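So the structure is just underneath, and the comments pick up after that.
Predicted model, so just to flag it, every value in this text is computed and none were measured.
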Amino acid sequence: MSLAASEPVARAHSNLAHALKDAGASALIAFGLFLPLIGFRTVQDIRNELVLETRWGLLFAVVGLVAAGRVIRNVVIAPLWEWRRERRAARDRGAAAARRDGFAGTGTVALRKVLAVVVATAAVGFVIVYPALALRFAGFAGALKWVDNFGIQILIYVMLGFGLNIVVGLAGLLDLGYVAFYAVGAYSYALISQTLGLSFFALLPVAGIFAALWGLMLGFPVLRLRGDYLAIVTLAFGEIVRLVLINWVPVTGGYAGIRSIPRPTFFGIPFDDSEVGFAARFGLEFDPIYRPIFLYYIILALALLAAFVTVRLRRLPVGRAWEALREDEIACRSLGINTTNTKLTAFAIGAGFGGLAGAFFAARQGFISPDSFVFMESATVLAIVVLGGMGSQIGVVIAAVAMIGGTEALRELDVLKQVFGNEFDPTQYRMLLFGFAMVLIMIVRPRGFISRRHATVHLAERKAISGALVKEGRG
């Protein structure tokens, strides 16, 4: 065998040896981590005493999966990823050469725009007919879970993701206390509706305005903060709001929360089994599915409104100022952009969307308490924005479906009982499996599902902008 022919063989043997060594080290680490979590379990015996049981089969199965995953990663995935990166670099070099030669690839850009419109239209059409599809394939009894636990829950986090995407994705301001605006909207609707007796649709904009005002209150103290300091202050703001809700018992009810929150009605028609209820008015047999379907279309309309407003704002001077602030604040100041107004508008509009989602959450649940607005909610929404791709509306939707729908789907992993035995409870490991999936996604797509980030508007000629956005008073 010649030297040139033996070189790939030697490289393959070297890669395999490295992969096996790495898999052995990963297996040892996994064994140490999962030994107290999976290998041992305490149960109560017939005498009501705690007994320590071992689950060596499950433990070694998990360790084997970790080792096999590392081998596949080093032998298969890593070479493919390197090949894909080299191919992308070659394609980028070719595109740069084409631009230098005067060809900008307008056909490819036009094709992408057409595909984006087609995909967006198909997605909107699907979510509109989603309740009908759930009723068709799952029946009235099974559709309740698909409409409520999946449809409504995902759309609530899509709404929250759109709001936080303005602050984090467009303006580049790291906000770890976004759940505070969610809570302000929920409690505003609950308290005002019980005190004044106003309807949900009358109080919905009020809740958004209250949350936007709180966004301005947060924006003023953090105007000069960036990075880690901004994250710490916003995290403290979220905790302050939660502690106020806990300790202001005469108003918020403390840990007991607020009960009997008025539910949305269909032009004054309630969704109950009375003679004046929705089913009786329209000659239908009463079924609990009617209310979730009505709530589904409410939150769908709110999410579409938030997406439309965000897209329009991105094309306005304020949206371009957000993107410029995200890229380089010092350059923004040097260009005369009023960064104070830019930050405050981002906080206010993002908080307003969170307040709308909070009001809907309170109306949907009929009960709220401070336990619903913990830091974990802010972390979840921030993970949706980062996982989807900073500044991407479509990415937020995809990430919300993957995260919220994924956690709900992982509740029903009965198929794993055939692998690990009937004693395996998938609900105890769903967050572990979901966390592993998130780590894997961020390794493969470190910038999120939609990683491309370009300026929203490209100016072909000089244009004047509003004087309110520049410190000199003219654009």
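In summary, the aromatic rings of Y290 and F271 are positioned with their centroids too far apart to meet the 6.0 Å limit.
At least one side-chain heavy atom of I298 sits less than 4.5 Å from a side-chain heavy atom of F200. Looking only at side-chain heavy atoms (C-beta outward), T310 and F353 come within less than 4.5 Å of each other. Between F237 and V222, the closest side-chain pair of non-hydrogen atoms is not below 4.5 Å. Within the 4.5 Å cutoff, side-chain heavy atoms of V386 are placed close to those of M390.
Taken to the nearest 0.5 Å, the CD1 atom of I289 stands 4.5 Å off from the CG atom of L144. Taking CG from L173 and NZ from K343, the interatomic distance works out to 6.0 Å, rounded to the nearest 0.5 Å. Here CG of L304 is found 8.0 Å from CZ of F162. Values are rounded to the nearest 0.5 Å. Taking CG from L382 and OH from Y178, the interatomic distance works out to 11.5 Å, rounded to the nearest 0.5 Å. The CZ atom of F361 sits 4.5 Å away from the OH atom of Y182 when rounded to the nearest 0.5 Å. Residue L160 holds its CG atom at 7.5 Å from CD1 of I156, rounded to the nearest 0.5 Å.
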Identify all side-chain donor-acceptor contacts of residues 122-133 below 3.5 Å with residues at least two apart in sequence or on another chain.
from	atom 1	to	atom 2	distance (Å)
Y130	OH	W146	O	2.7

* To do: Kindly determine whether R242 and E239 satisfy salt bridge (charged side-chain N to carboxylate O under 4.0 Å, His left out), including the steps that lead there.
  => CA-CA 5 Å; R242 188 179 67 87; E239 288 300 304; 3.0 Å; yes
* **side chain to side chain donor-acceptor pair (under 3.5 Å) between Q194 and Y189, intermediate numbers included** => CA-CA 8 Å; Q194 289 188 342; Y189 168 71; over 6 Å; no
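In this structure, F308 places its CZ atom where only 12 or fewer heavy-atom neighbours from other residues, nucleotides or ligands lie under 6.0 Å away. Crowding of F220 atom CZ: a count of heavy atoms from other residues, nucleotides or ligands under 6.0 Å not exceeding 12. With a 6.0 Å radius and a threshold of 12 heavy atoms from other residues, nucleotides or ligands, Y229 has its OH atom at or below the threshold. Enclosure of atom CZ in F210 is not indicated, since only 12 or fewer non-hydrogen atoms of other residues, nucleotides or ligands lie within 6.0 angstrom.
Between the side chain of S372 and the main chain of I368, no donor-acceptor pair closer than 3.5 Å is present. Judged by distance alone, the side chain of W214 and the main-chain N or O of V184 form no donor-acceptor pair under 3.5 Å. At distances below 3.5 Å, not a single donor-acceptor pair connects side-chain atoms of S188 with backbone N or O atoms of A207. Side chain of T234 to backbone of L176: a donor-acceptor contact under 3.5 angstrom is found.
For residues 280-303, the set of pairs meeting the salt bridge (Lys or Arg N to Asp or Glu O under 4.0 Å) definition, not counting sequence neighbours, is empty. Residue pairs meeting the salt bridge (Lys or Arg N to Asp or Glu O under 4.0 Å) criterion with at least one partner in residues 356-368, sequence neighbours excluded, are D148-R364.
Using a 30° and 60° split on the angle between ring planes, F278 and F266 fall in the perpendicular class, above 60°. Taking the six-membered ring where the residue is Trp, W56 and F40 present perpendicular rings, their angle passing 60° and hence far from 30°.
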